[in-house]
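Just so we're on the same page: letters track the sequence lines, and every chain starts at 1.
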Amino acid sequence: MLQSNREDSSFEAQVREHHIRVRAFVRTLGVEADWVDDIAQEAFLKAYLDWESFDKSRDFGKWVRGIAANIVRNEIRKQARRNRILNTDLVKMLLLEKEGKLIDRPHLPVEALKLCLAKLNPLHRRVVELRYREGFSAPEIAEKTENSSVSIRQMLLRIRRQLRLCIEKQMIHEA
Amino acid sequence: MKLDKKHSRFEELLGLLIDGELTDKEQAELNQLIKETPSRLEEIKAQLELSELMALTEDELKSSKQFLISLQTRIEDDPFVDGVRSSIHSGKPLVKNTAQLPWAVAASALFALLVTVILLLQPQQPLVIAALAEVEGSFQWINDNGRINRSLKEGQRLTGGTLESLAPDGMAKVRFEDGTLVQVWGETSLSIAANPKKVLHLRYGNAWVFAKPQPEDFPLVMHTPEADLQVVGTIFKVLAEDSMTNLLVKEGLVRLTRITDGAQVEVPAAHRVLTSSENVEVLTVKPQSRPVVFWKSHLPKDVSGGRWVSEMHALRQEVRAAAEKGEMTEEEARRILESRATDLLEENGRLYAKRVKRDPATRKGLTYMASLSVLLSQTGPIVLVDGARFVVRGEVQAPTGIMVGFCGLESGQPRGGRYYVRKEVSGKFELEVPISEFQFWGKSLNRSTPVGKELVQWWCSTDSQEAALMITGLELQAREN
C-alpha cells in the first residue's frame, strides 16, 4: 500500500508540474478552446494507464505532449462535425513539424505572464478580463466598450503579442 | 491583394480563428494565406498558446485545482479502470493468457492506487438531498467537490451541488425526499445546499416549485441574485437573472425579501411580484394577468440565449468599422448616425443564434441556437390552444435546415414536454407553423399534446455556422373564428 501511495502521489506530482504546458501545447496544435482540457486530460489518462511501465528517468512532460499530439492526429480522421479541432487543414500544417521540435516548443512560464498582465493599461486589462475571466465574445465586449468587434479582436492580438515580448524579457532578466 | 492588406486580412482571420468563429470559406482563405507565407504558422501558434495561458490564468474554471479534480473523476470513470475494479471484485482474472499477465499486474496495482485515492478523497458518505426525477436535453451536475457529471440519468441521487443546463432546449425535475418537486428549463443554474433543510439557489434561469407543506421551523428557502423566497407549502414559478427576479405564485403563500434593502412582501396565490435592480421603488404585489392565447415576443426583453443586436447598435458598429477602415471620415460617420437615429428603434433588431455545445460528454457536435424565455416580459400565462400557430421571422445567409422548438408546461402541474419541428429556410424567411405540426420530443411514456399547456421557452437552431441564423420576430397566433 505504501508503494501504491508513493506511485500515485508521484503521478499526481507529475500532472501538477506539467499540465499547464501540456494544455498550452494542445492549443498550439489547433484544438478548439473548449476542447483543450478534454484532450489534455485524455493524454494524462493514457499516461496514467501506462504509468507502471513508463521509464521514470524519461521526461514525463515530453511523453505526455507526444501522446497529446497523437490524439490530435486522430482527430483529423474524424468527421468534421464530431471532431475537436479548429480546422483540419490547419491542424495538418501545425503538426507538420518534426516530432522533437513540435513537442519541445519553449515554455512560457505562467508566473511571468501574471507579472506582465499586471503591467497592462486599464483598457487592455479590462478587455482581457472580459474575454478570459468573464467569457464574453468579441462582439459582446465590443458592445460593452463601445468598439467594433473587429477592433476588439485586433486589440487582443496586439495584447497577446505585447505579453509575449514582456514574458520573454522577464525570462532573459531572470536568466 | 497588396501585402499590407493581406497582412491585415490575415490578422482579422487569426482573431476569428482564435475565437473559433471562422466560417468554412474564411478557413480556406486563411489556409491559402499560410501557404503563401508559411511563417504565419508560427504567429498562429504563438497567439493560440498565449490565448490558452491567459485563459488558464484568468478563468477560475480552468484553474489547476479544477483540472486535477476533473482528471481524477475521469480516471475513476474510465471503463478500463472500472473493468479492472469489477474483475478483481468478482475474483475472475482480467486476462486468460500469460502474455497479458503484466497488464493484470499493472491493473491490480492501479486498482490499489484508486482505492487509496478514493478513500482519501471521500472520508465520509455525502448526504443525499434529492434525486433527479426527469432529465431531457443537456444538463450537467457539479457536486460540491467540483466533480462534473454530464451523463445524468433519471433516479440519480443528488448530494449538495449545482444542476446546470448546457443548452436552452432542455428541462429537468429534481425531487426531494418529502416529495417537493422543482422543475427547471431553459438556461438555468440551480444549486442545492448539502443540508437536510431545503436551501436552493437559483443563480439564473427558470423554475416551477411544487412544495409540499414544510415544517414551520425549516421552510424551503430559495435564494436568487435579487431576492430570498421563503416557502411554507405552495406552488410558484420563478425566473431569476442577475438584475431581476420575477415571481408568480400559483397556490399558497411565498414571502419575498429583496436583498438590497431587506424590503419584504407576502405574495398570495394568483399574484406576482417583480424585483429589479433598475427599479428600487416599493415592492408591489399585483394580481396575475389573465391567460392569453395571442402573444408577440418582445425580443430584446425575452432573449435568454443568443446575441441581441438592435438596429441602432448594428448601424453604429457598421459606421464605426467603416470609419476605422478609412472608408468614411469621422464627420461623415457622425452625420449618418445623426440622420438615421430618429428612424431606428432600440426595440427593433436581430437575435443572432449563438454557438451551443449540446453535450460535451458525448460530443454530439455544435449547434447555433437563439432562445427566448417567455416569462421575461410576460405578466401572465400564455396558453397554447387548438389551432394556434407560431409565426417566425428571421434570416439566414445560406440555405439551411432549422429546428424550431418550445417547452410547454401544464399549469400548476409538474407535467409538460418539449416539442419540435424541422423546416428548410433560405434568405429572409417568415414561417407559419401550426402547433399541430410539432412533434413531442422526449420519452414516449410522457408523450402529451401541447394543447392546453403554458408556453415557457422557445428556441430555433441550426447546425450550420455559415447560415448565421438570426431571428427578427416571433408571434403566437390563435385560430381565427
Specify which of A/Leu156, A/Val150, A/Val128 makes the most heavy-atom pairs with chain B at under 4.5 Å. A/Val128

Decide, yes or no, whether a salt bridge links B/Glu21 with A/Arg153 under the criterion of side-chain N to carboxylate O below 4.0 Å. no

Euclidean distance, B/Leu71 CG relative to A/Phe11 CZ, rounded to 0.5 Å: 6.0 Å

A/Gln41 side-chain N/O to B/Leu68 backbone N/O, donor-acceptor pair under 3.5 Å: no

Between A/Leu163, A/Asp89, A/Leu113, which has the largest tally of heavy atom pairs under 4.5 Å with chain B? A/Leu113

Toward chain A, the part of B/Glu318 with a non-hydrogen atom under 4.5 Å: neither

CG-CG distance between A/Leu86 and B/Leu16, expressed to the nearest 0.5 angstrom: 11.5 Å

Answer yes when A/Arg23 and B/Glu49 have at least one side-chain N-carboxylate O distance shorter than 4.0 Å, and no when they do not. no

Heaviest contributor of heavy-atom pairs below 4.5 Å to chain B, chosen from A/Glu146, A/Glu143, A/Glu140, A/Lys114, is A/Glu143

Answer yes or no: does atom CZ of B/Arg320 have more than 12 heavy-atom neighbours from other residues, nucleotides or ligands under 6.0 Å? yes

Examine whether an atom of A/Arg131 lies under 4.5 Å from a heavy atom of chain B, and if so say whether it belongs to the side chain, the backbone or both; otherwise answer neither. side chain

Let me confirm one number: the CD-OG1 distance from B/Gln47 to A/Thr28, rounded to the nearest 0.5 Å. 13.0 Å

For A/Pro109, is it the side chain, the backbone, both, or neither that has a heavy atom closer than 4.5 Å to a heavy atom of chain B? neither

Which bit of B/Leu41 comes within less than 4.5 Å of chain A, counting heavy atoms only: side chain, backbone, both or neither? both

Strictly below 4.0 Å, N to O, side chains only: are B/Glu58 and A/Arg126 in salt-bridge contact? no

